[in-house]
2 protein chains.
Amino acid sequence: MAQTDTVTRILDTAEVLFAERGFAETSLRTITSKAKVNLAAVNYHFGSKKALIQAVFARYLDPFSERFHQALDELEVQYRDEAIPLEVLLETLARTVLEVPAERNSLKVFMRLLGLAYTQAQGHLRRYIQEHYGNVFSRFSDLVRRATPELPEAERFWRLHFMLGTVIFTLSGLDALRDIADKDYHEHVSVRDLIRRLRPVVVAGMQAPLPDDALKVAG
Amino acid sequence: MAQTDTVTRILDTAEVLFAERGFAETSLRTITSKAKVNLAAVNYHFGSKKALIQAVFARYLDPFSERFHQALDELEVQYRDEAIPLEVLLETLARTVLEVPAERNSLKVFMRLLGLAYTQAQGHLRRYIQEHYGNVFSRFSDLVRRATPELPEAERFWRLHFMLGTVIFTLSGLDALRDIADKDYHEHVSVRDLIRRLRPVVVAGMQAPLPDDALKVAG
DNA sequence: GAATGTTTTAAACATCCGTTTATTCCACGC
DNA sequence: GCGTGGAATAAACGGATGTTTAAAACATTC
């Protein structure tokens with residue numbers, strides 16, 4: 001039974017704590033004590049705290065990357081030379097994101113981690129993700145380009161990131177928002193509910209009219 | 001000259017460092033040495049690091065809150081019993097956000113701080129902001145309700161937060177995104193450029209068609 | 001100009017951190 | 001059975017953190 005499930009226990013505990021408090025605010029002592037594992041185990045198995053952080057991400061992003069590539073392969077076969085419609089691309093992305101962590105029903109954790117990767121300094125993490133998973137984003141980005149030929153290059157870039165912000169911000173801050181929503185509207189939303197609500201907003205955002213070329217934004 | 005500009009020097013230095021690295025990653029020693037102030041000055045003038053963090057926010061949010069209330073007062077006079085159009089509300093919000101930090105040309109810092117307030121744990125900060133500035137948000141939220149009577153209550157709540165996510169995520173991660181954009185598109189964007197690009201996306205997102213009532217979101 | 005109250009300073013304090021070391025444990029192959 | 005090597009453990013290390021203390025410097029008032 002024992003063998004290397006120490007590694008798994010560390011990862012399981014670390015991802016939850018990281019998602020709850022961030023990286024700097026989560027000490028190795030908190031992780032190892034909650035995981036009922038010796039303090040030195042982290043440095044023994046992973047080498048350093050930084051490497052542990054990267055390993056936590058790899059456990060989500062490796063399967064995600066593989067599945068998403070695969071899903072895009074199928075779409076490209078299906079659509080031959082036609083451009084894949086934007087809605088289909090977004091739908092596929094959403095489905096893959098939902099599938100990956102579903103097996104450990106930890107979508108919330110996954111989203112929190114993505115949000116942290118963006119917002120917490122941690123230069124090493126950004127470099128790691130860019131280096132290991134940059135090509136998935138590039139491929140998706142290229143397909144979106146073909147799906148929205150009317151958008152100027154730069155405009156599409158920014159809108160993709162706007163929408164990324166919408167989704168990550170919402171799903172990663174979900175708990176806080178859900179508390180407010182529960183209290184005010186007595187309507188409990190699931191993550192899948194939220195994604196259903198997000199879809200039309202994201203699509204409309206991507207297809208919004210181009211901004212005025214006005215030189216100034218306000219009075 | 002000296003007197004209590006120690007307090008100002010601490011605040012000026014702290015807000016920049018917090019915005020760059022986050023709260024936990026910024027030590028009082030870094031702040032005080034860069035501000036050329038004694039280490040104990042923070043605890044003497046503010047009481048604790050937490051209180052310093054809150055003071056940094058208050059210096060932005062107090063003027064913002066006051067000006068925004070004032071701007072909404074004027075709009076309510078101007079529109080009498082009619083509903084204020086959504087675009088006008090968003091425009092007013094954007095203008096006020098731009099005005100407040102303009103005097104110290106630190107809009108970027110302001111946005112980074114807002115993003116941190118959302119994403120970094122710091123429960124004391126969330127409570128502080130909620131307690132001191134919750135009513136501004138409530139008022140704005142009520143006006144948006146009158147401007148979008150066709151939206152179900154809960155749907156509007158979520159969309160407002162979607163759009164909040166879009167804006168805060170984008171402007172708070174601005175530097176990283178700008179690096180990519182500069183490299184790929186050789187087009188340097190200013191914060192005002194970005195806000196110009198954000199506007200149609202936000203408006204379109206708020207006015208997107210309602211989601212299907214489909215029970216499931218994907219395959 | 002002495003007294004008073006506020007601000008600044010240097011030093012120490014008590015914790016907490018990530019990492020390393022040295023030892024012990026335990027399973028497996030010979 | 002014994003020895004070998006990978007894994008677990010307890011303890012310590014060096015350094016950084018927020019906070020407190022007690023003395024010095026300064027400004028203000030009478």
Please determine which of A/Arg21, A/Arg112, A/Lys108, A/Arg59 meets the salt bridge (Lys or Arg N to Asp or Glu O under 4.0 Å) test together with A/Glu15.
A/Arg59

Non-neighbouring partners of A/Arg156 that pass salt bridge (Lys or Arg N to Asp or Glu O under 4.0 Å), sequence neighbours left out:
A/Glu153

Taking salt bridge (Lys or Arg N to Asp or Glu O under 4.0 Å) as the test, write out the residues that go with A/Arg139, two or more places apart.
A/Asp73, A/Glu76

For DNA chain C, find the residues of residues 46-58 of chain A with a heavy-atom distance under 4.0 Å and give them by number; none if there aren't any.
A/Ser48, A/Lys49

Compute the angle between the rotation axes at the two ends of the helix from C/dG1-D/dC30 to C/dA27-D/dT4, each taken over five pairs, rounded to 10 degrees.
0°

Rounded off to whole Å, could you give me the NE2-to-P distance for the A/His45 and C/dT20 pair?
15 Å

Quick one: is B/Asn43 getting a side-chain N or O under 4.0 Å of the D/dT19 phosphate, OP1 or OP2?
yes

Look at the side-chain N and O atoms of B/Ser27 and state whether any lies under 4.0 Å from the OP1 or OP2 oxygen of D/dA16.
no

Could you check, using the six-membered ring where one of them is a Trp, whether B/Phe140 and B/Phe68 have ring centers closer than 6.0 angstrom?
yes

How many Å lie between OH on A/Tyr44 and C1' on D/dT9, as a whole number?
12 Å

Sequence neighbours excluded, which residues qualify as side-chain hydrogen bond (donor to acceptor under 3.5 Å, both in side chains) partners of B/Ser48?
none

Tell me which residues in residues 28-40 of chain B put a heavy atom below 4.0 Å from DNA chain D, sorted by number, or none.
B/Leu28, B/Arg29, B/Leu39, B/Ala40

Separation of atom CD1 in B/Ile10 from atom C1' in D/dG18, rounded to whole Å
14 Å

